[in-house]
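Report on the structure given below.
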Amino acid sequence: MVRMPESRPYHHGDLRAALLAAAERTLREKGTGSLSLRELAREVGVSHAAPGRHFKDKQALLNALALAGYERLAQTLNAAEDPALPLEPRLTALARAYLGFAIDNAELLEVMYARKHDPDASEQMAVAVERTIGSLERVLADAQKRGEIIEGDPEELNLVTGAALHGVATFIAAGWLTPEAALAGVEGLVHHLLHGLKPR
């Protein structure tokens, strides 16, 4: 193997991680369209064929980025989750954590939610989604058991909650809502989700 200059980010044995880190930087700075295995190889300082050992094509790289994103989102949501809290502050903490992740990782979130994933990765992706989006569903199901929210299919209730959160994240990414305004409005958003818009 050719010795790499010390200034390069790649270290022997960690090529996959180095490629993913470089890919995420490119994603953040230039978007999905600028991702290229050949360019990443150049940036990391390896031969243009070297990334092929880890990613058969660009789609495989995108799958890996999405899975890494779900892993980080799961960690973020787990850190914010406190089963001891009443429902509204508990859900508010999760919503704030989700939007914080969305603000910091807008381009990555877009890759995570892309419809086109390699069939080989579909099972892994389903597990990853369950670990993240499923955490909201578990909170809602738990709240139902405690009589804090209406009865019904937790999956359906989760869809409403997830759609509201992802909608706000999309507004932020599109520049229609500032991150500051979104985060300041989290309590109100969760309150309206839980209590509806009818006069009380």
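Note that these values count all heavy atoms, side chains included, but never hydrogens, waters or copies made by symmetry.
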Value for CD (Glu137) from CG (Leu159), rounded to nearest 0.5 Å, stands at 10.0 Å

Rounded to the nearest 0.5 Å, how far does CG of Leu35 lie from CZ of Arg25?
11.5 Å

Start with the C-alpha gap between Glu107 and Glu29, add the side-chain angles, then the distance that decides, and say whether side chain to side chain contact (heavy atoms under 4.5 Å, CB included) holds.
CA-CA 9 Å; Glu107 300 82 3; Glu29 294 164 13; over 6 Å; no

Please determine if Glu24 and Arg72 form a salt bridge, counting it only when a charged side-chain N lies under 4.0 Å from a carboxylate O.
yes

Could you tell me whether a side-chain N or O of Glu81 sits under 3.5 Å from a main-chain N or O of Leu94, the two making a donor and an acceptor?
no

Are Gln144 and Leu157 close enough that some pair of their side-chain heavy atoms sits under 4.5 Å apart?
yes

Do Asn63 and Gln124 come within less than 4.5 Å of each other through their side chains, counting heavy atoms only?
no

Within the 4.5 Å heavy-atom criterion, are Ser36 and Lys58 side-chain neighbours or not?
no

Atom NE2 of His48: over 12 foreign heavy atoms under 6.0 Å
no

Could you walk me through whether Leu189 and Leu165 pass side chain to side chain contact (heavy atoms under 4.5 Å, CB included), step by step?
CA-CA 9 Å; Leu189 174 74; Leu165 289 177; 3.8 Å; yes

Donor-acceptor contact present, side-chain Tyr70 to main-chain Met112, <3.5 Å:
yes

Mind running side chain to side chain contact (heavy atoms under 4.5 Å, CB included) on Leu20 and Phe55 for me, showing each step along the way?
CA-CA 10 Å; Leu20 282 172; Phe55 308 109; 4.0 Å; yes

Would His166 and Leu109 satisfy side chain to side chain contact (heavy atoms under 4.5 Å, CB included), going step by step from the backbone distance to the final call?
CA-CA 10 Å; His166 191 60; Leu109 201 65; 3.9 Å; yes

salt_bridge(Glu130, Arg138) N-O dist < 4.0 Å
yes

Are Leu61 and Leu40 packed together at the side-chain level, in the sense that at least one heavy-atom pair is separated by less than 4.5 angstrom?
yes

Answer yes or no: is there a donor N or O on one side and an acceptor on the other, between the side chain of Asp57 and the main chain of Ala60, under 3.5 Å?
yes

Distance-only side-chain donor-acceptor flag, Asn78 / Arg131, under 3.5 Å
no

Determine whether Tyr98 and Thr76 make a side-chain contact, defined as any pair of heavy atoms from C-beta on separated by less than 4.5 Å.
no

Whether Glu148 side chain and Pro86 backbone form a donor-acceptor pair below 3.5 Å
no

Which residue in the set Asp153, Leu136, Val139 passes side-chain contact (heavy atoms from CB on, under 4.5 Å) when paired with Asn158?
Leu136

Verify the neighbour count for atom CD of Glu88: are there more than 12 heavy atoms of other residues, nucleotides or ligands below 6.0 Å?
yes

Within this structure, what is the CG-CG distance for the pair Leu91 and Leu140, rounded to the nearest 0.5 Å?
6.0 Å

What I'd like to find out is whether the side chain of His192 reaches to under 4.5 Å of the side chain of Leu197, using heavy atoms alone.
yes

